[in-house]
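In this chain, numbering begins with 1 at the start of the sequence shown. Heavy atoms only: backbone and side chains are in, while hydrogens, waters and symmetry mates are out.
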Amino acid sequence: MIKLDLSGVSPFLEKSQWQKTEQVGQIHDTLVNNYGVDYDFTTWMNLPETYDKDEFRRIKQAAEKIKSEADVLLVIGVGGSYLGARAGIELLRSPNYNLTSKYTPNIYFVGNNLSAEHINEIGHLLKDKNFSINVVSKSGGTLEPGIAFRVFKNFLESRYGDIGAKGRIYVTTDRGKGSLRKWADKEGFESFKIPDRIGGRYSILTAAGLLPMATAGIDIDKVMAGAFEAMKTYLVDKSFDNPVWQYAAVRQALYAEGRNIEVLASFEPAFRFMAEWWRQLFGESEGKSHGGIFPSSVDFSADLHAMGQYLQDGSRNLMETVVSFDSFRRDIKVPPIAEDYDGLNYLAGRSVDSINQIARQATVKAHVDGGVPVMGLSLPDMSDTAFGWLVYFFQFSAALSASIQGVNPFDQPGVEAYKANMFRLLGKPE
């Protein structure tokens with residue numbers, strides 16, 4: 001399903017620098033077999049096979065109920081509690097989903113910042129709209145979604161009454177602990193669980209990602225089927241034929257050579273929030289002990305007119321991963337004009353997609369020639385199945401890469417520093 005092209009890396013690395021089978025194989029076994037206390041958050045590795053089928057059925061039922069009674073689903077969450085869902089909806093449906101959806105509810109994301117302007121704007125958009133809420137938080141104590149849930153729960157109750165509001169609230173949280181779990185159980189909100197030993201950035205294939213995606217009309221059976229096929233392929237193959245091994249090991253070998261920034265690029269605007277999800281996945285997994293590869297992203301070809309100069313001629317501490325798709329849902333051809341004012345009649349009759357692919361090839365060559373190692377990652381299409389496959393590929397790659405680096409892929413101790421300062425300044429009781 002996924003093809004990894006390393007021809008843009010070969011001018012910068014010898015195979016001996018990254019093909020260290022014994023080291024990577026040992027880490028592979030550690031992850032798969034959950035050895036050691038540091039690797040206690042690996043439930044996601046077998047999730048495409050072991051997921052709760054009854055809850056999966058309830059997720060699809062809840063999505064149908066939301067479709068039948070709501071014009072808008074409000075997804076309240078921050079970080080991994082919303083990025084995966086938004087990535088799936090934008091990639092598989094449209095970056096303009098709320099403008100183009102005809103038979104499924106609009107989906108607004110809130111609770112991912114502390115902007116009063118943003119909260120008020122979403123509230124304004126909900127006027128004269130029937131809406132439901134999906135609040136997503138493992139603990140329920142995170143400030144951004146907590147404030148948003150209070151605001152919009154109050155809005156919901158003022159419109160539908162206490163009883164009516166309860167039937168429109170869907171909670172995704174820990175199975176047995178945390179304030180949101182207690183709240184959901186006491187009030188009787190329909191709830192879904194984030195399985196034990198799955199961190200937020202690895203939760204996209206749980207209800208955290210699946211309920212909003214199903215509400216948007218995405219076939220989550222196909223998403224899980226793609227992830228299952230990826231799981232079977234990548235867990236069994238303990239060799240450098242495995243693209244997960246290749247991607248993780250090459251990244252870390254380039255990092256050892258001073259390439260401490262990775263730029264994830266795609267020539268499809270629909271990929272933007274997939275890149276946002278990828279940035280959290282790799283940033284939180286690797287950015288520890290004052291080290292790690294800094295994950296950044298660009299949207300080509302637009303950013304070739306904004307960041308192109310730096311990527312071509314700036315500091316050479318970069319590596320690049322370019323994601324592409326072999327086929328698309330639709331294409332369009334360049335029309336001819338009688339007077340060739342813009343000089344583009346030589347392209348008349350050619351598909352815009354074919355031109356986009358040539359722009360990608362030209363960019364990769366220019367960047368490699370300019371001193372940037374480029375990995376090419378290609379998928380056959382933008383299908384629900386391919387999305388599930390790609391999610392699993394990136395999750396396994398992040399865990400393997402961070403482990404090669406020598407850090408725990410599943411904790412995020414640095415995230416708590418700003419929270420401690422913020423709560424102290426806000427006067428939170430001890």
Side-chain angles (χ1 to χ4, degrees), residues 62-63 65-91 93-162 164-173 180 183-184 187 189-192 200 204 207-218 269-270 272-273 276-277 280 422 426:
K65 182 173 180 286
I66 294 166
K67 291 178 193 178
S68 70
E69 66 183 14
D71 303 308
V72 173
L73 174 64
L74 196 63
V75 179
I76 300 175
V78 67
S81 295
Y82 94 100
L83 282 172
R86 187 161 185 178
I89 290 167
E90 293 212 1
L91 184 66
R93 299 286 278 158
S94 170
N96 301 305
Y97 167 78
N98 287 339
L99 297 175
T100 59
S101 62
K102 294 181 179 179
Y103 307 109
T104 53
N106 285 176
I107 297 179
Y108 301 146
F109 294 92
V110 70
N112 47 65
N113 58 62
L114 291 169
S115 167
E117 186 72 23
H118 183 242
I119 291 173
N120 277 289
E121 182 179 84
I122 296 296
H124 179 74
L125 291 172
L126 293 176
K127 288 182 178 179
D128 304 321
K129 300 286 187 183
N130 285 315
F131 74 100
S132 297
I133 290 174
N134 176 209
V135 56
V136 186
S137 176
K138 190 76 180 281
S139 68
T142 306
L143 192 63
E144 294 90 341
I147 289 174
F149 185 42
R150 283 191 175 216
V151 170
F152 289 104
K153 179 176 178 290
N154 185 63
F155 192 3
L156 200 68
E157 289 169 346
S158 68
R159 179 172 296 183
Y160 301 104
D162 290 351
K166 284 182 182 180
R168 290 175 173 270
I169 294 175
Y170 302 85
V171 171
T172 305
T173 190
L180 190 55
W183 198 351
E187 297 293 330
F189 304 141
E190 182 163 7
S191 63
F192 303 95
I204 187 172
L210 296 177
L211 178 56
M213 286 194 288
T215 302
I218 293 168
R272 178 188 171 194
F273 265 87
E276 292 288 315
W277 171 79
Q280 185 200 8
M422 178 175 62
L426 289 170

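Counting heavy atoms from C-beta outward, Val75 and Arg86 have side chains that stay 4.5 Å or more apart. Ile66 has its side chain within reach of Leu211: a pair of non-hydrogen atoms, C-beta onward, lies under 4.5 Å apart. With a 4.5 Å cut-off on side-chain heavy atoms, Val136 and Pro145 do not count as touching. Under the 4.5 Å side-chain criterion, counting only non-hydrogen atoms from C-beta, Val171 is not in contact with Trp183.
Residue Glu157 comes nearest to Ala165 through the heavy atom pair CG-CB, 3.6 Å, listed as atom of the first residue, atom of the second, then distance. For the residue pair Leu126 and Val72, the shortest heavy atom distance occurs at CD2-CG1, 3.7 Å. Taking each heavy atom of Met213 and Ile204 in turn, the nearest pair found is CE-O, 4.2 Å. Among all heavy-atom pairs drawn from Pro105 and Ala70, the shortest one is CG-O, 3.5 Å.
The aromatic ring centres of Phe152 and Phe131 sit 6.0 Å or more apart.
Note on Glu187 versus Lys166: salt bridge recorded, some NZ/NE/NH1/NH2 to OD/OE distance being below 4.0 Å.
Remark: side-chain polar atoms of Ser132 are not paired, donor with acceptor, to backbone N or O of Ile169 under 3.5 angstrom.
Tyr170 and Lys65 are linked by a side-chain donor-acceptor pair at a separation below 3.5 angstrom, with hydrogens and angles left out of the test.
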